[in-house]
Amino acid sequence: MVKVATTGTQPPFSFQDEYGKLIGIDIDVMQAIGDDAGFAVEFYQEPWQNVFPSVLAGKRDLAISGISYSDQRAKDYLLSDPYLFVPSAIMYKDSKLNIQQLSDLKGLRFGGMKDAKQINDVIASGTPNVTIVPTKTVFLAYEKLIRGEVDAIAEDIQWLEYTAKQYPTQKVHIVPYEDENSPPANQVIMMNKGSDELAQKINKSIAKLKQTNEFVKIEQKYLNTQSP
Amino acid sequence: MSTNATQAISNKAVDNKRYQGLILSIVAFLSLIALLLAFTFYTSNLLERNAVLMNESNRISNAAQAVIKDLFDLENSYGEDMRSPHMQTVLARLKQNSQVISEGLPIMRSGGEINTATGIVKVSAASTQTALQNLDIADEQWKLLNPRIQSYLEDADDIQVDSSDKLFQAATQARTSSLNINSALDSLVADTASVTNKQAATIRLIQIIGVAVIFTYFLIFVFFFVRRLRESDEQALSAQRETQEIMQTVNTGLFLLNKDLKIGNQYSAALERIIGTNRLAGESLSSILRNRISDSDLKTAEAFVEQLYNPRVKEKLVNDLNPLHKVMLHDGNGTSQSRYLDFSFSRVYDDKKITHILVNVNDVSDAVRLEQRLEKERAQNDRQVEMLTTILNVKPQVIHDFITNTYVRIEKMNDILKNPGSSQFELEGKLKSIYREMHSLKGESSALKLHSFTKIASEAEDRLHSLQNQAKLSGNDFLPLTVQLDELLNLSHTIKGLGERINATQQTPNAYTDTHNTLQYQNTPNPTINDDLMNAKEEFGDYLVEFGADIAQRQGKNIQVDISQMTDIYIPRSVANGVKEVCIQLLRNAIVHGIADSQTRIKNNKNPVGKVTISFDTDTNATDSRFFVFTVEDDGQGIDYDAIREKLLNSNKYTKDQIAQFSQAQLLNAIFSSGFSTKESADEDGGRGVGLDIVQERVKEYGGKINVQSEKGQFSRFIVKLPI
C-alpha cells in the first residue's frame with residue numbers, strides 16, 4: 001500500500017471531478033505505475049504547502065503533483081526518473097509586452113504559485129525590477145493575470161494550455177522558456193530519502209511504461225479531450 | 001283457506017312493504033358505511049396534506065443545510081479553477097438549493113404546487129399559529145442570507161471579478177441563518193407532526209366508533225331480518241305444505257298450463273291416476289293426450305287453449321266451446337273400459353295479464369255411464385209408454401188376442417224345447433219351428449208397435465239365426481232361449497196387467513170397484529161383435545194400414561195399403577188368427593221385398609207411391625163356404641227369379657247346373673223355405689228368410705192353399721185359401 005500526496009487543484013495533473021474525486025495525468029500515471037509495479041495506491045489530497053512536508057514526515061510515501069525536477073529537490077529528496085516532459089512557460093495577456101524569455105520580465109509584475117519552481121527560476125535568472133506576487137494556487141495567479149493585477153505568470157506549459165482552453169474568451173500568449181534537455185523541464189515523483197526500494201520499483205515501471213507509450217496516451221487523454 | 005286467499009290477493013302489497021323495510025335498512029347501512037368512508041377519505045386527505053407540508057419543510061431544511069455545506073466547500077476550495085467540474089457542480093447545487101428555498105417558503109405559507117424530483121406535489125398552506133411563526137423566522141433568515149448568496153453567485157463564474165468577499169459574506173450569514181432556518185423548520189415539522197398525531201388519534205377514535213356502530217347495526221340488522229325472513233319462510237313453507245296437501249288430496253286433476261301447452265311442475269296427485277301416466281311435469285299436454293283422445297279433439301283443444309290465452313276473447317264465451325268437455329279417453333292398454341274425462345279450463349291472471357291456464361280434470365266416467373244408463377232407461381220407459389199407448393189405442397180385443405197368441409206361442413216353443421230328440425235332424429227341425437214361432441211373435445208385436453216384444457224376439461231371432469248357420473247343433477245351444485222366453489212371458493204378464501188396470505179405469509165408477517170386470521174383459525171382449533165373425537176392416541184393416549205405414553217408414557219407402565175391399569167383410573173367428581198372421585207376413589214381404597223405393601220406381605216409370613192391395617174375398621162365402629180367401633198384391637218389381645237363383649248358388653246347396661234347371665215353381669218353393677232371403681242384411685222387418693216360411697207353415701196348419709202370381713216389374717200376388 002502506497003500513500004500518495006497530491007494537491008487536487010492542479011489541472012490537468014491533479015484535480016477533482018464534479019463529485020470531488022481526484023483525476024488528472026498524475027493520478028492516472030501513478031495508478032498505472034502502481035498497477036505495473038504491483039502495489040495499491042491511495043491518494044491523499046494535501047494543500048501544496050503540505051505536500052512535501054507530509055512526505056518528509058513519513059505521513060505519505062510519495063508525492064506526485066506536477067513536481068518538476070530541480071537540483072535542490074534532488075539534493076533534498078529522493079526523486080524518481082522523469083515520467084513527463086513539462087517545460088515551464090510564461091503566460092502574458094498584453095501583446096505589447098512581447099515576452100520571449102525570463103529576462104523580458106524586467107520591470108513587470110510577475111505572479112506565480114508560492115514555492116513553485118517558476119518563481120525560483122525568475123529569481124535565479126536575476127532579472128531586475130521584477131515584482132513577484134506569490135499566490136496560494138496557480139489558478140489565483142491566473143485570475144490576477146486576467147484581472148490585470150499581474151503582467152505575466154509562469155507555470156508548466158500543460159497547465160497553462162489547459163487553462164487557456166478553459167477560458168477561450170481570454171486571449172493570452174504562452175511562451176515556453178525551457179527545452180526537453182533541461183532537467184527542470186521534467187516532472188518527477190518525490191519520495192523521502194531512504195525509500196530506495198520503492199524508487200527502484202517506480203523507476204522500473206516508468207521505463208517500461210514510457211516504452212509502451214502509456215504516458216503519452218494518458219497525456220493525450222487530458223490535453224486533447226479534456227474540455228469541460 | 002279463506003285467509004290464504006286474501007293473503008294471496010294482498011301478497012304483492014305485503015311483499016312490497018316487507019321489502020321496503022329491508023331496502024331502507026340496507027340503504028341506511030350503506031349510507032353509514034359511505035359516511036365512514038367519506039370521513040376516512042377526508043381525514044386521510046388531511047393527514048396527507050400535513051405529511052406533504054412536513055415533507056416540504058424537510059426538503060427546504062435539507063436545502064438550507066446543503067446551501068451552508070456548499071458555501072463552506074466553496075470557501076475551502078478558494079483558489080480552485082471555477083470552471084473545474086468540482087466547482088461547477090457546487091455552484092450549480094448552491095443555485096438550485098437557493099431556488100428550492102426561495103420557492104418553497106412562500107408556497108408553505110400560502111399553498112400551491114411544487115416541482116420536485118418525484119413529480120408535481122400539491123402543498124397546502126400551513127395553518128397553525130406555530131407553523132406560521134416558524135415560517136416567519138425561516139423567511140426572515142432567508143431574506144438575510146439569500147441576497148448574499150445571489151450576489152456571490154452573480155460573480156462567482158467571472159474570473160475577472162474577485163468574489164471572495166461576497167463568498168465570505170454569504171458564508172458568514174449562512175452560519176447563523178442556516179441554523180435558524182433549520183431549527184424553525186424543524187419546530188414547524190414537530191408542530192405539524194403533533195397536530196397530525198392528534199388528528200390521527202381523533203380519526204382513529206371516530207373510525208373505531210364508526211366501525212363499532214356499523215357492526216352493531218349489522219348485527220341488529222342480521223338478527224332482525226333473519227328472524228323475519230325465517231318467519232316468512234316458515235309461513236311460505238306451511239303455505240306450500242298446505243298447497244301440497246291439497247294437491248295430494250284433491251281428487252280432481254289440477255295443473256297449470258303455459259302458453260306452449262306445457263304442464264306445470266306442480267299438479268295434483270290425482271292427475272297421474274286420471275291421465276294414466278306419471279310423466280307429467282314439464283311435458284306437453286298435446287304429447288300426453290296424443291293417442292289418448294282423437295286427433296281432431298286434440299287439434300281443437302290446442303286451438304282452444306290458444307284462444308284462452310287471447311285476452312280479447314271472453315273466457316265465458318270460449319268456455320262453451322271447450323272440446324275436452326266429456327272427452328273419451330282411450331287407455332293405452334285398451335283392456336279396461338273406456339273412460340270419460342272432463343277438462344275445464346280457467347285463466348290465471350296476474351295483474352290483468354293471463355299467465356297460465358288452470359286446468360281441472362275430472363274423471364266423469366261414472367257420471368257418463370250413469371247418463372247412458374238413464375238414457376237407456378228413459379228409452380225403455382218410452383217404450384213402456386209406447387206400449388201403454390198401443391194398449392190404449394188398439395182395440396182391447398186385439399191386445400187380448402195378441403196376449404193369448406203370445407202365451408200360446410211361448411208354450412209351443414217351450415214344448416218344442418222340452419220335446420225329446422237330440423239327433424242333428426231333430427234339432428234342426430226344432431230350430432226351424434222355434435224360429436217360425438218367434439218370427440210370428442215378432443211380426444205381431446211389431447204390428448202392434450210393442451217394441452219391447454219386438455226387441456226380445458229380434459234378439460232371440462239373432463241367436464236362432466246364428467244357430468242355423470252353425471254346422472253342428474246340440475241341445476245346450478237352445479238353453480239361452482229359455483231366458484228370452486221368460487222375458488217374453490214376463491212382458492206378457494205386464495201387458496196383461498196393464499190392460500186389465502186400464503180396462504178397470506175405463507169402466508163406470510161403479511164398475512171400478514167391481515173385481516170381476518177383468519174377467520169380463522177376457523170373456524166378452526167386444527159386445528158389439530158377433531162371436532164367430534170379426535169385422536175385417538174395423539178390427540184388422542186399419543191395423544194393417546198402420547203396420548204397413550210403419551214398415552214403409554222404417555224401410556224408407558212410400559207405400560199405400562189399400563183395404564178398400566175389406567168393407568163389410570167378416571172374418572170367421574176360426575181362421576182369424578191365421579189370416580192375421582199370414583196377412584202380416586205377406587204385407588211385410590210385399591213392402592220389404594216387393595216394392596222398391598220411390599227413386600227406383602220413378603226410374604221404372606211407376607207411381608212413386610207403391611201400392612199394396614189386401615182384399616178378402618167375400619164371394620167365396622156363398623159359393624164355396626169352406627174356404628176363406630184373401631189376396632195380398634203389390635205393384636212392385638215382381639218375383640226376381642234370377643236373384644233367387646243367385647242366392648241359391650251362394651248357399652252352396654246346389655250346383656250351378658241344378659239351379660239353371662230349376663223351374664219357376666221350384667224356385668218359388670225355395671223362397672218359402674226356412675232361412676231364405678234375398679235381402680242382404682236382417683232388420684226388424686225382414687231379411688232372415690223366415691216370413692214366407694211362416695206363411696207356408698200356417699197355411700199348411702190350417703190345411704189351406706197358397707197361390708203365387710207374379711210378373712216381373714209389374715206385380716206379385718199371393719192368394720191364400722184357408723178352410724173355415
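Taking both residues in full, the closest heavy atoms of A:His173 and A:Ser95 are given as NE2-OG, 2.7 Å, listed atom of the first, atom of the second, then distance. The minimum heavy-atom distance linking A:Val41 with A:Gly34 is given by the pair CG2-CA, 3.9 Å.
B:Met87 does not touch chain A: none of its heavy atoms, backbone or side chain, sits under 4.5 Å away. With a 4.5 angstrom heavy-atom cutoff, B:Gln88 does not touch chain A via any of its atoms. Heavy atoms closer than 4.5 Å to chain A are found nowhere in B:Val90, neither backbone nor side chain. For chain A, no part of B:Asp73 is nearby; none of its heavy atoms comes within less than 4.5 Å.
Taking a cutoff of 4.0 Å between a charged side-chain nitrogen and a carboxylate oxygen, B:Lys143 and B:Glu140 do not qualify as a salt bridge. We find that B:Arg175 and B:Glu75 are joined by a salt bridge, their nearest charged nitrogen and carboxylate oxygen being less than 4.0 Å apart. A salt bridge does not link B:Lys122 to B:Glu48: none of the charged nitrogens lies less than 4.0 Å from a carboxylate oxygen.
Using a 4.5 Å heavy-atom cut-off against chain B, the contacting residues of residues 144-157 of chain A are A:Ile146, A:Arg147. By a heavy-atom distance cut of under 4.5 Å, not one residue of residues 53-68 of chain A is near chain B.
Top candidate by heavy-atom pairs under 4.5 Å with chain B, chosen from A:Leu140, A:Thr9, A:Thr163, A:Thr135, is A:Leu140. Top candidate by heavy-atom pairs under 4.5 Å with chain B, chosen from A:Gln170, A:Gln10, A:Gln16, is A:Gln16.
Partners of B:Ile220 by side-chain contact (heavy atoms from CB on, under 4.5 Å), not counting sequence neighbours, listed by chain and number: B:Thr216. Listed by chain and number, the residues in a side-chain contact (heavy atoms from CB on, under 4.5 Å) with B:Ala131 are B:Ala126, B:Thr128, B:Leu188, B:Asp191 (sequence neighbours excluded).
No more than 12 heavy atoms of other residues, nucleotides or ligands shown are found within 6.0 angstrom of OH on B:Tyr42.
Inspection of the A:Gln118 and A:Asn120 side chains reveals no N or O donor paired with an N or O acceptor under 3.5 Å.
Aromatic ring centroids of A:Tyr162 and A:Tyr222 lie 6.0 Å or more apart. Here A:Tyr167 and A:Tyr142 bring their ring centres to under 6.0 angstrom of each other.
One distance of note links CZ of A:Arg109 with CG of A:Asn129; it measures 14.0 Å at 0.5 Å rounding.
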